[in-house]
A.B. asks: 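Sending over a structure as structure tokens; questions will come in a sec.
Chain letters run A, B, ... following the sequence lines, proteins first, then strands; residues in each count from 1.
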Number of protein chains: 2
Amino acid sequence: MSDTPKDDVSEDTAADRFLQQFTGYRIKRALLVVHEDMTETLVPLGLRVGTFAPLAVVAANPGISQTKLSDVLKIKRSGVVAVVDELERIGAIERKPVAGDRRTNALFMTTAGGRLWQQAEAAIQAHEDRLFTDLTDEDNDQIRDLLSRVILRAERAKE
Amino acid sequence: MSDTPKDDVSEDTAADRFLQQFTGYRIKRALLVVHEDMTETLVPLGLRVGTFAPLAVVAANPGISQTKLSDVLKIKRSGVVAVVDELERIGAIERKPVAGDRRTNALFMTTAGGRLWQQAEAAIQAHEDRLFTDLTDEDNDQIRDLLSRVILRAERAKE
DNA sequence: TATTGTTATACTCTATAACTATA
DNA sequence: TATAGTTATAGAGTATAACAATA
């Protein structure tokens, strides 16, 4: 059996084999790696993994409402409040009233937020280039395409 | 600009485009989809996403120690305690003393745990077949290979 | 009545640090 | 001194439910 104490090699192989078996678990481990490196990338900019995506969406969709942001990012409206609070507190975005509907907040980048977003986007691009350096451009396109198909199919199936 | 209220189409496209841009964010969204479907799959068996992987590792590595399990799954030893407690409480695995070292626990499946694992493995296999049904076998191999390369490279870089 | 944003609350996951018993 | 397991605790992340203001 395995009474011999040559643990390192045999156990690493067992771990790798386990990693091989389930795609879902592999996705989890990949996210772990991405999350850690992404955190190191964003902290110097005063951002977190959880504020990067909302900032990206506001940058690309000026005037978007909190509910719409909630839909796009698939987080609850109560979670959006906390994230928008934080981004507003660091001066990256601001809530503005909407002319026709006094319930709604329209979210806009500030000037400082625009600069921050430029830095963050470049930093995350570099982070992904670094992390996925072993993959060819075709590999990268493929992985994006495959994941997107899984996500979009599943999310549409829920509606 | 975007004063026209034809939100649905244009906003969905914006969301999709955002989803396209960053591989890391796509991995997160994919995990969200996987996690949700996996939970529905495991709950009827009395398992959770967080107990499935440890069960799989113990099934494949009878007698593994908690510290080794911690290494393989990349979770802290304190986290292992809770998970092993839970799996032991539902009668799936058991801690056994190790002859040469009274500090260490050896983890083994119970007979009931073996049956549970058989069911769980089949259920998760079906869940992945269902979730990744749009992908060809080659696509599946590719996605596994690409993710594994990213993970193994990053994890080895940390050592 | 329905929707937007908000608050309060709780639950999961994970991490740190300190402790114990062994080695 | 170092290691295996444990406990206590705290921080993210996310979910639900109830509420006020507005539609």
A.B. asks: Looking only at non-hydrogen atoms, find the nearest pair between Val34(B) and His127(B) and report the distance.
C.D. replies: O-CE1, 3.7 Å

A.B. asks: In degrees, rounded to 10°, what is the bend between the two ends of the helix from dT1(C)-dA23(D) to dA23(C)-dT1(D), using five pairs at each?
C.D. replies: 10°

A.B. asks: Picking from dT6(C), dG13(D), dT14(D), which would you name as closest to the side chain of Asn105(A)?
C.D. replies: dT6(C)

A.B. asks: Indicate yes or no for a side-chain donor-acceptor contact from Ser70(A) to the backbone of Ile75(A) under 3.5 Å, with no hydrogens or angles considered.
C.D. replies: yes

A.B. asks: Answer yes or no: is there a side-chain heavy-atom contact under 4.5 Å between Arg48(B) and Leu42(B)?
C.D. replies: no

A.B. asks: Could you say whether Ile75(A) or Asp85(B) is positioned toward the 5' end of DNA chain D, judged by the nucleotide with the nearest heavy atom to each?
C.D. replies: Asp85(B)

A.B. asks: Whole angstrom is fine here: how far is it from NZ in Lys74(B) over to C1' in dC13(C)?
C.D. replies: 18 Å

A.B. asks: Val83(A) vs Leu69(A), test: side chain to side chain contact (heavy atoms under 4.5 Å, CB included). Steps then yes/no.
C.D. replies: CA-CA 11 Å; Val83(A) 164; Leu69(A) 190 56; 5.9 Å; no

A.B. asks: Within this structure, what is the CG-to-C1' distance between Leu69(A) and dT3(C), rounded to whole angstrom?
C.D. replies: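 Distance check: Leu69(A) CG to dT3(C) C1' gives 17 Å.
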
A.B. asks: Answer yes when Asp85(B) and Arg95(B) have at least one side-chain N-carboxylate O distance shorter than 4.0 Å, and no when they do not.
C.D. replies: yes

A.B. asks: When you measure from the side-chain N and O atoms of Lys76(A) to the phosphate of dA10(C), is any distance below 4.0 Å, counting only OP1 and OP2?
C.D. replies: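 For dA10(C), neither OP1 nor OP2 has a side-chain N or O of Lys76(A) closer than 4.0 Å.
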
A.B. asks: Roughly, in whole Å, what's the span from CD1 in Ile64(A) to C1' in dT4(C)?
C.D. replies: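 Going from CD1 in Ile64(A) over to C1' in dT4(C) covers 14 Å.
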
A.B. asks: Which sits closer to the 5' end of DNA chain C, Ala82(B) or Arg77(B), going by the nucleotide each is nearest to?
C.D. replies: Ala82(B)

A.B. asks: Between Arg149(A) and Asp134(B), does any NZ, NE, NH1 or NH2 come within less than 4.0 Å of an OD or OE carboxylate oxygen?
C.D. replies: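 Between Arg149(A) and Asp134(B) there is no salt bridge, as every charged N stays at least 4.0 Å from the carboxylate O atoms.
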
A.B. asks: Does any donor-acceptor pair link the side chain of Ser78(A) with the base of dT16(D) at a separation under 3.5 Å?
C.D. replies: yes

A.B. asks: When hydrophobic residues are tied together by side-chain contacts of less than 4.5 Å, even through go-betweens, does Met109(A) share a cluster with Ile90(A)?
C.D. replies: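 In one cluster with Met109(A): Ile90(A), yes.
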
A.B. asks: What is the distance, to the nearest angstrom, from the CD atom on Glu86(B) to the C1' atom on dC13(C)?
C.D. replies: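 Result: 12 Å.
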
A.B. asks: Mind running side chain to side chain contact (heavy atoms under 4.5 Å, CB included) on Leu147(A) and Arg29(B) for me, showing each step along the way?
C.D. replies: CA-CA 9 Å; Leu147(A) 289 175; Arg29(B) 285 291 280 272; over 6 Å; no

A.B. asks: List in numerical order all residues of residues 36-44 of chain B for which some heavy atom is under 4.0 Å away from an atom belonging to DNA chain D.
C.D. replies: none

A.B. asks: Does the side chain of Ile93(B) come within less than 4.5 Å of Thr110(B)'s, by heavy atoms?
C.D. replies: no

A.B. asks: Whether the Gln21(A) and Arg26(A) side chains hold a donor-acceptor pair (N or O, under 3.5 Å, no angle test) is what I'd like checked.
C.D. replies: no

A.B. asks: To the nearest Å, how far apart are Leu73(B) CG and dA15(C) P?
C.D. replies: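 Taking atom P of dA15(C) as the reference, CG of Leu73(B) is at 12 Å.
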
A.B. asks: Would you kindly give the CG-to-P distance between Leu31(B) and dT14(C), to the nearest whole Å?
C.D. replies: 10 Å

A.B. asks: Distance check needed: dG13(D) P versus Leu32(B) CG, whole Å only.
C.D. replies: 14 Å

A.B. asks: Identify, residue by residue, the members of residues 88-104 of chain B with a heavy atom below 4.0 Å from DNA chain D, and return them in order of residue number, or none.
C.D. replies: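 Going residue by residue through residues 88-104 of chain B, the ones with a heavy atom under 4.0 Å of DNA chain D turn out to be Arg95(B), Arg103(B), Thr104(B).
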
A.B. asks: Once you measure the plane-to-plane angle for Phe52(A) and Trp117(A), does it fall in the parallel (<30°), tilted (30-60°) or perpendicular (>60°) bin?
C.D. replies: tilted

A.B. asks: Tell me whether Arg77(A) is salt-bridged to Asp71(A), with the criterion being a basic N under 4.0 Å from an acidic carboxylate O.
C.D. replies: no

A.B. asks: Under 4.0 Å between a side-chain N or O of Gln66(A) and OP1 or OP2 of dT6(C)?
C.D. replies: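 Indeed, a polar side-chain atom of Gln66(A) lies that close.
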
A.B. asks: What nucleic acid atoms does Ser65(A) come within less than 4.0 Å of, heavy atoms only: base, sugar-phosphate, or nothing?
C.D. replies: sugar-phosphate

